[in-house]
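Notes for the one structure printed next.
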Amino acid sequence: MRKLQLLLFTAAFVVVASPAQASEEVTVSQLVTESVELSGVLVIVEGELVGDYGFRDDGSMWTQLNGDTYAQVPLLQSARPAGANVGVGIRVPAELAENLDPPGGYRNRGPLVRVTGTWVHHSDDRQGESFLRVESLEILEGGIPLHESADVWTIAVGLILIVGATMVWLTRPQE
């Protein structure tokens, strides 16, 4: 009986002491600036899916994950630009990409997601490409359409200038 208790205690200790591979939460900027150090590391990253969804014959989908300030507040909704775009390529199993809202672009903000995957720095199989090999994808917030209205004053001033230039041209001296 004593041996059985010792065996069970040892087995429980081994299970508790050896967790699954831990994930490290990082930003997209960290993936870019610490690419070599994070290569082969299982990471968790949040951002906006942008650009295009490129479905491949190998059962994967490639897209861009942006992790800049525009993911939270698109430029059309902010008063002024707030820095550069920062993004990385991600390779997602096609089954995880089903039913995603359209990717972000000029007329819409793409879905905000949390992805878990292994960072690959300069893959020999992909001609030196660095990308995130995604294992899981969680949608934090769906995509939203963005609407831009015309500035009435800009249009009015433009029309006045066009009319004024036309008047000057029409009243010029004829030879």
Side-chain angles (χ1 to χ4, degrees), residues 15-152 154-155:
V15 169
V16 172
S18 59
Q21 184 179 4
S23 302
E24 183 176 338
E25 287 197 33
V26 298
T27 64
V28 171
S29 293
Q30 283 177 286
L31 288 176
V32 172
T33 60
E34 302 170 25
S35 184
V36 174
E37 297 85 359
L38 291 171
S39 187
V41 176
L42 188 66
V43 297
I44 299 171
V45 190
E46 292 183 8
E48 173 192 8
L49 300 179
V50 300
D52 191 14
Y53 297 147
F55 288 91
R56 303 293 190 259
D57 290 337
D58 66 359
S60 67
M61 184 269 293
W62 287 82
T63 192
Q64 180 85 4
L65 179 71
N66 274 13
D68 49 47
T69 58
Y70 305 116
Q72 298 297 324
V73 182
L75 186 55
L76 287 177
Q77 295 178 344
S78 64
R80 54 193 313 161
N85 290 111
V86 180
V88 294
I90 63 172
R91 183 176 184 219
V92 182
E95 63 270 8
L96 295 180
E98 293 175 6
N99 302 318
L100 286 174
D101 287 339
Y106 185 74
R107 302 232 181 263
N108 60 302
R109 192 207 61 210
L112 295 180
V113 297
R114 175 182 293 121
V115 293
T116 302
T118 304
W119 178 248
V120 178
H121 175 76
H122 295 301
S123 170
D124 291 334
D125 298 338
R126 303 249 174 237
Q127 292 78 39
E129 180 83 22
S130 294
F131 63 95
L132 183 65
R133 185 176 292 123
V134 175
E135 297 171 13
S136 70
L137 183 146
E138 174 188 356
I139 299 171
L140 302 175
E141 188 177 323
I144 57 171
L146 302 174
H147 303 286
E148 182 176 26
S149 58
D151 182 9
V152 176
T154 302
I155 292 172

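Model, not experiment: these values are computed from the prediction.
Contact of the Val88 side chain with the Ser130 side chain is not registered, since no non-hydrogen atoms from C-beta on lie closer than 4.5 Å. In this structure the side chain of Glu48 reaches within 4.5 angstrom of the side chain of Leu112, judged on heavy atoms. Between Val134 and Thr116 there is no side-chain heavy-atom pair separated by less than 4.5 Å.
For the side chain to side chain contact (heavy atoms under 4.5 Å, CB included) test, residues two or more places apart in sequence or in another chain that qualify with Ser29 are Thr27, Val86. Residues meeting the side-chain hydrogen bond (donor to acceptor under 3.5 Å, both in side chains) test with Ser35, sequence neighbours left out: Trp119, His121. In this view, Arg114 and Glu46, Glu138 satisfy the salt bridge (Lys or Arg N to Asp or Glu O under 4.0 Å) rule, not counting sequence neighbours. Qualifying side chain to side chain contact (heavy atoms under 4.5 Å, CB included) partners for Glu25, counting only residues two or more places apart in sequence or in other chains: Ile44. For Glu95, the side chain to side chain contact (heavy atoms under 4.5 Å, CB included) partners two or more places apart in sequence, or in a different chain, are Pro93, Glu98. In this structure Glu135 satisfies the side-chain hydrogen bond (donor to acceptor under 3.5 Å, both in side chains) test together with Thr118, sequence neighbours excluded. Residues passing the salt bridge (Lys or Arg N to Asp or Glu O under 4.0 Å) test with Glu24, sequence neighbours excluded: none. In this structure Asp58 satisfies the side chain to side chain contact (heavy atoms under 4.5 Å, CB included) test together with Arg56, Ser60, Arg91, Arg126, sequence neighbours excluded.
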Decide side-chain contact (heavy atoms from CB on, under 4.5 Å) for Thr63 and Asp52; before the verdict, give the C-alpha distance in whole Å, the side-chain angles of both, and the deciding distance to 0.1 Å. CA-CA 6 Å; Thr63 192; Asp52 191 14; 5.8 Å; no

Do Leu146 and Arg107 pass the side-chain contact (heavy atoms from CB on, under 4.5 Å) test, and can you show the C-alpha distance, the side-chain angles, and the key distance before you say yes or no? CA-CA 5 Å; Leu146 302 174; Arg107 302 232 181 263; 5.7 Å; no

Evaluate the side-chain contact (heavy atoms from CB on, under 4.5 Å) criterion for residues Leu132 and Val120: first the C-alpha distance (whole Å), next the side-chain angles of each, then the deciding distance (0.1 Å), finally the verdict. CA-CA 6 Å; Leu132 183 65; Val120 178; over 6 Å; no

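Taking each heavy atom of Val28 and Gly87 in turn, the nearest pair found is CG1-CA, 3.7 Å. In terms of heavy atoms, Pro102 sits closest to Tyr53 at C-OH, 3.8 Å. Of all heavy-atom pairs between Asn108 and Pro103, the closest is ND2-O, 3.0 Å.
For the side-chain contact (heavy atoms from CB on, under 4.5 Å) criterion with Leu49, the lone passing option out of Val113, Asn66, Val92, Val115 is Val113.
Taking the six-membered ring wherever Trp is involved, the centroid distance between the rings of Trp62 and Phe131 falls below 6.0 Å.
A salt bridge (Lys or Arg N to Asp or Glu O under 4.0 Å) check over residues 35-44, counting only residues at least two apart or in different chains, returns nothing.
The distance from atom CZ of Arg133 to atom OG of Ser123, rounded to the nearest 0.5 Å, is 6.5 Å. The CD1 atom of Ile144 sits 10.5 Å away from atom CG of Asp101, with the distance rounded to the nearest 0.5 Å.
Side chain of Arg109 to backbone of Gly142: a donor-acceptor contact under 3.5 angstrom is found.
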